[in-house]
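What follows is a short report on a single structure.
In what follows, chains carry the letters A, B, and so on, assigned in the order in which the sequence lines appear, proteins first and then strands, with residues in each chain numbered from 1.
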2 protein chains.
Amino acid sequence: MKRTSFTKDACPVARSVQSVGDWWSLLIVRDAFAGKRRFGEFQKSLGVAKNVLTVRLKKLVADGVLKLVPASDGSAYQEYALTENGCGLLLVIAALGEWGCGGSEVHLVDRKKGKSVRLVLRSEDGRTLAPDDVQLVPVSHAEPRSKRARQPAP
Amino acid sequence: MKRTSFTKDACPVARSVQSVGDWWSLLIVRDAFAGKRRFGEFQKSLGVAKNVLTVRLKKLVADGVLKLVPASDGSAYQEYALTENGCGLLLVIAALGEWGCGGSEVHLVDRKKGKSVRLVLRSEDGRTLAPDDVQLVPVSHAEPRSKRARQPAP
DNA sequence: CCGTATCCATTCCGATACTG
DNA sequence: CAGTATCGGAATGGATACGG
């Protein structure tokens with residue numbers, strides 16, 4: 001009677017959820033993108049219990065999302081930094097942020113110019129698409145251009 | 001000693017996590033994008049217990065992600081369809097899918113042409129940016145071009 | 001076929017006290 | 001400051017039986 005695991009699941013979404021699909025992990029990653037690196041910074045920002053934070057950080061490190069780096073200032077302690085892989089989660093955070101908007105309190109900017117940045121879907125030929133123009137296809141057992149496309153609800 | 005709630009949180013990411021930040025919700029939404037609409041379809045696809053599925057579906061309906069629609073074929077039962085708001089989650093699913101890649105088993109295609117679609121960051125002036133070029137800024141108490149930008153870890 | 005209801009194991013989370 | 005140790009309550013998830 002164990003909890004079902006998706007680590008072996010074929011779908012990448014399922015595997016991602018396995019890594020960051022709980023309450024805290026994504027928020028920790030969000031804070032990491034916002035520049036936080038120290039245990040205490042996360043703890044204060046999130047208001048999470050320290051033991052819980054410890055467990056989450058360890059899992060994120062084990063999953064290759066964060067890594068421990070020696071130090072950045074003179075401190076004798078270690079800091080948590082995003083791995084290259086973890087940086088890829090920016091798209092996820094960005095997408096969640098755009099979706100949750102309604103009094104947006106966080107957004108993306110170009111680091112060089114400080115200009116606002118948005119997340120868009122782009123087809124191979126360079127066109128920008130709306131979510132409605134796009135269909136999710138499970139590659140495993142499906143003909144790429146199946147006729148039973150998603151119905152947008154009549 | 002309640003669980004902390006983020007519904008009132010200022011950050012849109014936190015609010016999103018509140019809605020879809022658990023194991024099942026996102027996978028249900030993924031299946032919805034893949035064309036599934038019936039209770040049994042979700043149940044079989046996910047292998048989740050029925051009571052759990054019931055609770056999740058109700059929450060997703062309550063949160064305005066899914067809605068019940070009368071029927072699509074002759075059946076007397078209702079079906080679950082994505083609301084307009086729920087469709088916005090496609091970007092999140094897409095981002096999670098791209099991140100979890102490594103033997104991708106699901107991807108996005110243009111509904112009309114069947115061509116592959118990717119998720120990109122685009123700045124105001126139309127340029128495409130890499131995650132490293134971008135910075136997450138909490139609007140509340142932060143100068144847009146702070147100097148202590150995120151360090152990509154030495 | 002679509003759920004609801006019940007039971008139980010596991011897990012999660014918050015508070016707090018403690019170590020270095 | 002950065003964790004570890006322990007505890008108890010709460011929520012979650014799985015199995016299954018039941019009803020419309």
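Taking a pair as Watson-Crick or G-U with both hydrogen-bonding distances under 3.5 Å, the stems of three or more pairs touching DNA chain C are C:3-20 with D:1-18.
Interface residues of residues 57-65 of chain B facing DNA chain D, ordered by number: none; criterion, heavy-atom separation under 4.0 Å.
Proximity of A/Tyr80 to the phosphate of D/dG3: a side-chain N or O atom is located under 4.0 Å from OP1 or OP2. Using a 4.0 Å cut-off, some side-chain N or O of A/Arg38 falls inside it from OP1 or OP2 of D/dA2. Distances shorter than 4.0 Å separate some side-chain N or O of B/Thr54 from OP1 or OP2 on C/dT4.
B/Thr4 comes within 4.0 angstrom of the backbone, heavy atoms only, and of no base. Residue contacts for A/Asn51: at a heavy-atom cut-off of 4.0 Å it reaches a base atom on one of the strands shown.
The pair A/Asp110-B/Arg127 meets the salt-bridge criterion, with a side-chain N (NZ, NE, NH1 or NH2) lying under 4.0 Å from an Asp/Glu carboxylate O.
Across the protein-nucleic acid pair, B/Leu53 atom CG and D/dA15 atom P stand 14 Å apart, rounded to whole Å. Atom CD in A/Glu79 sits roughly 11 Å away from atom P in D/dG3 (whole-Å rounding). Across the protein-nucleic acid pair, A/Leu68 atom CG and D/dG3 atom P stand 7 Å apart, rounded to whole Å. Between A/Gln18 atom CD and C/dT11 atom P the separation is 13 Å, expressed in whole Å. Remark: C1' of C/dG20 and CD of A/Gln78 are 15 Å apart, rounded to the nearest angstrom. In this structure, CZ of B/Phe42 is placed 15 Å from C1' of C/dG3, rounded to the nearest angstrom. To the nearest angstrom, P of C/dC2 lies 13 Å from CZ of B/Arg37. One atom, CD of B/Gln43, and another, C1' of C/dT4, lie 14 Å apart when rounded to the nearest Å.
In this structure, B/Arg38 and B/Ser75 approach most closely via the heavy-atom pair NH2-OG, 3.2 Å. Nearest heavy-atom pair across B/Val69 and B/Ala81 is CG1-CB, 3.9 Å. Summarising the geometry of B/Asp132 relative to A/Cys87, their closest heavy-atom pair is OD1-SG, 4.1 Å, with the distance given to 0.1 Å.
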### Message
Pair B/Thr83, B/Asn85 - check side chain to side chain donor-acceptor pair (under 3.5 Å), show working.
### Response
CA-CA 5 Å; B/Thr83 63; B/Asn85 189 278; 5.0 Å; no
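Each of B/Tyr77 and B/Leu57 belongs to its own hydrophobic cluster when Ile, Leu, Val, Met, Phe, Trp and Tyr are linked at side-chain heavy-atom distances under 4.5 angstrom.
Hydrophobic cluster membership for B/Val120: A/Val120 (Ile, Leu, Val, Met, Phe, Trp, Tyr linked by side-chain heavy atoms under 4.5 Å, directly or transitively). B/Val55 shares a hydrophobic cluster with no other residue; no ILVMFWY side chain has heavy atoms under 4.5 Å from its own.
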All N/O contacts under 3.5 Å from nucleotides 17-20 of chain D to the protein, with atom names and distances to one decimal?
unit_1 : atom_1 : unit_2  : atom_2 : d
D/dG20 : N2     : B/Tyr77 : OH     : 3.2

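Both B/Val48 and A/Phe39 sit near DNA chain D, but only A/Phe39 has its closest nucleotide nearer the 5' end.
Each of A/Lys112, A/Lys115, A/Lys113 was compared with B/Asp125 under the salt bridge (Lys or Arg N to Asp or Glu O under 4.0 Å) criterion, and only A/Lys113 meets it. The residue from B/Leu27, B/Val29, B/Asp22 that alone fulfils the side-chain contact (heavy atoms from CB on, under 4.5 Å) condition with B/Ser25 is B/Asp22.
Around CD of A/Glu124, the count of heavy atoms belonging to other residues, nucleotides or ligands within 6.0 Å exceeds 12.
The side chain of A/Trp24 lies closest to C/dG14, out of C/dG3, D/dG3, C/dG14.
For the side-chain contact (heavy atoms from CB on, under 4.5 Å) test, residues two or more places apart in sequence or in another chain that qualify with B/Asp63 are B/Ser19, B/Lys59, B/Val65.
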